[in-house]
Amino acid sequence: MVKPIHKAIFPVAGRGTRFLPATKILAKEMLPIVDKPLIQYAVEEARNAGIEEFFFVTGRGKVALVDHFDHAIELEQALLERGDKKALQSVLPPSGRVFATRQQEPLGLGHAVLCAQKFVGEEAFAVLLADDLILAEPGCLKQMMDVYKEVGGNVVACENVPRERTCHYGILDIAEDDGRLARARGLVEKPDPAEAPSTLSIIGRYILQPEIFRHLEKREVGAGNEIQLTDSLAKTVSGIPFHGLRFKGKRFDCGGKLGFLEANLAFALERQDLGPRVHEMLKKYR
Ligand code: UTP
């Protein structure tokens with residue numbers, strides 16, 4: 001019987017330097033894809049996977065992001081009076097409970113997750129990085145939850161990357177692989193392409209057991225002089241099963257400009273109200 005998962009952590013305290021000046025005071029995760037902030041896609045994905053408690057690890061000047069998931073009474077009243085149910089629905093907070101804390105300094109993703117230790121306690125939990133946006137049905141986290149119920153332990157979302165890009169990702173050292181689910185015997189953070197044990201990379205969705213905190217607590221610094229989540233994960237592999245799921249869907253790296261622009265196009269093209277017009281518009285740029 002695996003530990004059920006009701007809690008998700010959303011680390012949103014990074015500096016977002018690749019999006020300056022837009023991210024000078026605004027969290028990168030508040031940037032919109034078409035008309036919805038990245039973070040709202042991630043929260044909705046978590047909600048649809050059964051998450052009931054949402055915990056944001058924010059940085060300085062990122063209060064707007066937490067406010068975004070609070071009631072905006074006047075706006076809701078105005079939309080109600082106007083009979084605009086669709087807009088009203090889109091601005092309501094997620095059903096469940098919302099919490100937040102500050103990461104005083106962006107010391108790395110591992111440190112951001114450590115900031116949520118008290119919230120998590122001894123439960124299994126999910127981590128979603130909103131700048132990895134995933135177009136999938138069912139959502140990526142739901143797909144992972146279904147696998148987790150079978151295999152337990154730590155489960156991450158994975159995809160193959162070109163070998164020359166392994167130095168940007170956490171990479172799995174694979175013990176067994178059925179083409180969809182890979183069991184890892186080790187993990188390496190940002191290996192040189194020549195030394196990478198595979199090209200299967202971890203992307204921003206994790207289901208984790210609380211044992212990870214025993215390692216994060218040591219605050220060991222890794223690649224890029226940051227406290228890396230992958231380094232602590234790697235230390236759990238000998239004691240806890242570790243699986244990487246090649247999810248069904250398309251992932252956009254919205255932490256970078258090209259991925260962000262592509263996601264805007266892909267999500268707009270998917271929409272009935274916009275798709276045909278965007279398609280027409282694009283013909284002008286061939
Ligand atoms: P990134 O490395 O992609 O984000 O972190 P960044 O540092 O904000 O981006 P650049 O490279 O400067 O443009 C992945 C995720 O982890 C969060 C980020 O907010 C992002 O969602 N993060 C990263 C933290 O919350 N705290 C940190 O110390 C580092």
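Atoms within each ligand, like the ligands themselves, are counted from 1 in listed order. Any value given below was found using the heavy atoms of this structure, including those in side chains, with hydrogens, waters and symmetry copies removed.
- If you number the atoms of ligand 1 from 1 as listed, the ones under 4.0 Å from a heavy atom of Val12 come out as 19 (O), 25 (O).
- Interface atoms of ligand 1 facing Leu107, defined by a heavy-atom separation under 4.0 Å, are 28 (O).
- Taking distance alone, with nitrogen or oxygen atoms compared against 3.5 Å, Gly16 approaches ligand 1 more closely than that limit.
- Between Gly255 and ligand 1, not a single N/O pair is under 3.5 Å apart.
- Between Glu123 and Lys3 the shortest side-chain heavy-atom distance does not fall below 4.5 Å.
- In this structure, atom 13 (O) of ligand 1 has a protein heavy-atom contact shorter than 4.0 Å.
- Taking the ring axis of Phe55 as reference, the NZ or CZ atom of Lys7 does not stay both within 45° of it and closer than 6.0 Å to the ring centre.
- Below 4.0 Å from some heavy atom of Gln103 lie the following atoms of ligand 1, by number and element: 24 (C), 25 (O), 26 (N), 27 (C), 28 (O).
- Of the protein's non-hydrogen atoms, the one nearest atom 28 (O) of ligand 1 is Gly108 N, 2.8 Å.
- Comment: Lys190 does not engage Glu226 in a salt bridge, judged by the lack of any side-chain N to carboxylate O separation of less than 4.0 angstrom.
- Among all non-hydrogen protein atoms, the one lying nearest atom 16 (O) of ligand 1 is Leu109 CD1, 3.7 Å.
- Considering both main-chain and side-chain atoms, Ala112 never comes within under 3.5 Å of ligand 1 through any nitrogen or oxygen pair.
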Practice item. Could you go through the ring pair (Phe, Tyr, Trp, His ring centres under 6.0 Å) check for Phe125 and Phe213 one step at a time? Key: CA-CA 12 Å; Phe125 62 103; Phe213 291 116; 5.4 Å; yes
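- A salt bridge is defined here as a Lys NZ or Arg NE, NH1 or NH2 lying under 4.0 Å from an Asp or Glu carboxylate O, and Arg251 with Glu262 fails to meet this definition.
- Contact annotation: the side chain of Glu29 never approaches that of Phe56 to less than 4.5 Å [non-hydrogen atoms, C-beta and beyond].
- In this structure the side chain of Tyr206 reaches within 4.5 angstrom of the side chain of Leu109, judged on heavy atoms.
- For the ligand labelled ligand 1, residue Ala130 lies outside the 4.0 Å heavy-atom shell.
- Looking at atom 24 (C) of ligand 1, its nearest protein heavy atom turns out to be Gly14 N, 3.4 Å.
- Other residues, nucleotides and ligands contribute only 12 or fewer heavy atoms inside 6.0 Å of the NZ atom of Lys248.
- Remark: the backbone N or O of Thr199 is not paired with any side-chain donor or acceptor of Thr166 at under 3.5 angstrom.
- Atom 25 (O) of ligand 1 has its closest protein heavy atom at Ala13 N, 2.9 Å.
- Glu76 has its side chain within reach of Leu88: a pair of non-hydrogen atoms, C-beta onward, lies under 4.5 Å apart.
- Within the 4.0 Å heavy-atom cutoff, Arg15 counts among the residues contacting ligand 1.
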Considering only distance and modelled atom types, tabulate donor-acceptor pairs under 3.5 Å from the side chains of residues 227-235, sequence neighbours left out.
unit_1	atom_1	unit_2	atom_2	d
Gln228	NE2	Ala223	O	2.7
Thr230	OG1	Glu189	OE1	2.7
Ser232	OG	Leu216	N	3.4
Lys235	NZ	Glu220	OE1	2.7

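- Regarding atom 11 (O) of ligand 1, its nearest protein heavy-atom neighbour is Arg18 NE, 3.1 Å.
- Counting heavy atoms closer than 4.0 Å to ligand 1, residue Lys28 contributes side-chain atoms (C-beta onward) but none from N, CA, C or O.
- For ligand 1, the polar-atom distance check against Pro11 finds a nitrogen or oxygen pair separated by under 3.5 Å.
- Each of the following atoms of ligand 1 lies closer than 4.0 Å to a heavy atom of Glu29: 18 (C), 19 (O), 20 (C), 21 (O).
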